[in-house]
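One-based numbering along the sequence shown.
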Amino acid sequence: MDRVFQKFAERLTESSHPNEAQQSMADVTAALRLSCFAYLALPRRPGGPPNLISTYPSSWTALYLQRGYESIDPVVRRAMREPKPFRWGLGIGPRSRSDSERTLFEEAAKFGIRCGFTFPIHDDHGAIAALSFATDEHRTSFERSLFEHAQSLRLIASFFHAHAKRFWTIDRMVAGVLLSPREHECLEWSARGKSAGEIGIILGIAERTAGFHLDNARAKLGVSSLRQAIVLLTESKSRK
């Protein structure tokens with residue numbers, strides 16, 4: 001575990017982009033056989049978009065953010081109330097849940113997020129975040145790894161949170177996903193009705209390059225069309 005943490009810390013400290021931070025945590029997740037992870041930082045301003053770094057299926061995280069599920073997610077609510085780590089999922093926790101909570105869990109299960117373990121993060125500056133590890137079914141290896149490395153994972157959660165905060169640039173956040181300056185710029189022009197060719201002329205880049213940035217933005221947002229990406233951009237602006 002010492003070697004895993006050392007490699008994680010070195011890579012995270014050197015990271016200059018959320019994708020690099022994501023890979024550092026993904027390596028820990030793989031080394032400990034914890035399937036997938038999601039780091040969610042709640043907005044400081046009411047109604048603002050949360051920040052997310054995750055290896056959950058992008059189709060699920062895009063849907064989750066688009067529908068504002070963080071406002072009804074029982075995992076998030078519990079992480080806000082309690083500092084202690086906890087288990088969650090279908091068949092775990094209170095028998096009586098609201099229809100919206102039950103629907104959320106059932107919907108997440110369709111994407112392979114059936115149960116997991118969350119480490120709440122409450123820092124000295126009032127920020128609240130959570131690092132969760134999830135799997136598609138109850139697995140002995142998953143439970144054993146969490147039990148054996150609980151203290152180390154709690155430290156990893158705090159360390160990750162401390163470094164992840166420096167990535168958030170609110171102007172380029174779309175549905176909780178941080179776009180590069182060029183990706184955001186191209187998507188902005190596309191939202192104004194400009195084609196890739198026109199965007200290329202405006203920005204002084206090749207049409208193919210503009211298309212490349214638009215495709216990257218769409219892929220990061222987990223949507224299949226540029227129109228859907230523009231909808232997410234518009235919604236994010238309305239929430240800022």
Side-chain angles (χ1 to χ4, degrees), residues 15 17-27 29-30 34-43 47-73 75-76 88-89 100 103-116 118 129-136 160 164 167-191 196 199 209-240:
S15 63
H17 191 277
N19 288 350
E20 296 171 352
Q22 179 195 52
Q23 189 57 56
S24 68
M25 183 60 75
D27 289 344
T29 303
L34 294 175
S35 187
C36 57
F37 83 92
Y39 164 83
L40 182 75
L42 295 176
N51 298 318
L52 178 70
I53 298 177
S54 167
T55 54
Y56 283 10
S58 60
S59 51
W60 166 240
T61 55
L63 184 66
Y64 182 100
L65 294 169
Q66 183 179 358
R67 295 183 177 177
Y69 277 162
E70 73 278 0
S71 64
I72 62 170
D73 189 342
V75 175
V76 173
W88 51 265
S100 59
T103 298
L104 189 152
F105 272 139
E106 291 173 351
E107 201 165 0
K110 295 177 183 177
F111 291 87
I113 309 300
R114 181 172 291 273
C115 55
T118 292
L131 177 66
S132 299
F133 297 95
T135 185
D136 58 348
F160 190 84
F167 296 125
W168 308 129
T169 305
I170 194 65
D171 291 339
R172 291 190 278 115
M173 291 298 298
V174 177
V177 176
L178 182 64
L179 300 181
S180 73
R182 192 61 96 183
E183 290 163 356
H184 191 270
E185 196 172 20
C186 288
L187 191 58
E188 283 270 16
W189 281 111
S190 183
I199 294 171
T209 303
F212 170 78
H213 291 303
L214 288 171
D215 284 342
N216 279 351
R218 179 185 53 74
K220 282 185 180 180
L221 294 170
V223 295
S224 58
S225 71
L226 189 55
R227 183 184 296 273
Q228 290 172 308
I230 291 171
V231 168
L232 292 180
L233 173 66
T234 303
E235 290 178 346
S236 291
K237 283 185 174 182
S238 69
R239 297 176 66 181
K240 291 177 182 178

query: Taking it one step at a time, do Leu42 and Val76 satisfy side chain to side chain contact (heavy atoms under 4.5 Å, CB included)?
result: CA-CA 9 Å; Leu42 295 176; Val76 173; 3.8 Å; yes
I'd like a table of donor-acceptor pairs (distance under 3.5 Å, sequence neighbours excluded) in which one partner is a side-chain atom from residues 56-64, with atom names and distances.
from  : atom 1 : to    : atom 2 : distance (Å)
Thr61 : OG1    : Ser58 : O      : 3.1
Tyr64 : OH     : Asp73 : OD2    : 2.7

task: May I ask you to test the Arg114-Thr135 pair for a side-chain heavy-atom distance under 4.5 Å?
output: no
message: Do Pro181 and Glu185 have side chains that approach each other closer than 4.5 Å (heavy atoms only, starting at C-beta)?
response: no
- line: Residues Glu70 and Pro50: closest non-hydrogen pair is OE2-CD, 3.7 Å
- prompt: Roughly how far apart are Phe212 CZ and Arg182 CZ, rounded to 0.5 Å?
  reply: 12.5 Å
query: Is there a donor-acceptor pair closer than 3.5 Å between any side-chain N or O of Ser236 and the backbone N or O of Ala175?
result: yes
- prompt: With Arg218, which residues qualify under side chain to side chain contact (heavy atoms under 4.5 Å, CB included), at least two apart?
  reply: Asp215, Val223
query: Between Gln228 (side chain) and Ser225 (backbone), is there a donor-acceptor pair under 3.5 Å?
result: yes
query: Without hydrogens or angle criteria, can the side chains of Thr103 and Glu106 be said to hold a donor-acceptor pair below 3.5 Å?
result: no
query: Looking at side-chain heavy atoms only, is the closest gap between Leu52 and Val177 below 4.5 Å?
result: no
- prompt: So do Ile53 and Phe37 actually touch side chain to side chain, heavy atoms under 4.5 Å?
  reply: yes
message: Contact between Ser132 and Tyr39 at the side-chain level, heavy atoms closer than 4.5 Å - yes or no?
response: no
query: Do Ile230 and Ser190 have side-chain heavy atoms sitting under 4.5 Å apart?
result: yes
- request: Identify the two heavy atoms, one from Ser24 and one from Ala21, that lie closest to each other, and give their separation to 0.1 Å.
  value: OG-O, 2.6 Å
statement: Nearest heavy-atom approach of Ala129 to Ala41 is CB-CA, 3.8 Å
task: May I ask you to decide if Leu232's main-chain N or O and Glu235's side chain share a donor-acceptor pair within less than 3.5 Å?
output: no
message: Using every non-hydrogen atom in the two residues, find where Glu183 and Lys220 come nearest and quote the distance to one decimal.
response: OE1-NZ, 2.8 Å
task: To the nearest 0.5 Å, tell me how far Leu233 CG sits from Leu187 CG.
output: 4.5 Å
query: To the nearest 0.5 Å, what is the distance between CZ (Phe133) and OG1 (Thr29)?
result: 4.5 Å
- prompt: Would you say Phe111 has more than 12 foreign heavy atoms packed within less than 6.0 Å of its CZ?
  reply: yes
field: Any donor-acceptor N or O pair under 3.5 Å, side chains Asp27, Gln23
entry: yes
- prompt: Is any side-chain heavy atom of Val75 closer than 4.5 Å to a side-chain heavy atom of Phe105?
  reply: yes
task: Kindly give the heavy-atom pair with the smallest separation between Leu214 and Ala196, and that separation in Å.
output: CD1-CB, 4.5 Å
message: Testing the basics here: between Leu221 and Val174, what is the closest heavy-atom pair and its distance to 0.1 Å?
response: CD2-O, 3.3 Å
message: Whether Arg67 and Glu107 form a salt bridge (side-chain N of Lys/Arg under 4.0 Å from carboxylate O of Asp/Glu) is what I want to check.
response: yes
message: If you define the side chain from C-beta out and look only at heavy atoms, does anything of Ile113 sit under 4.5 Å from Cys36?
response: yes
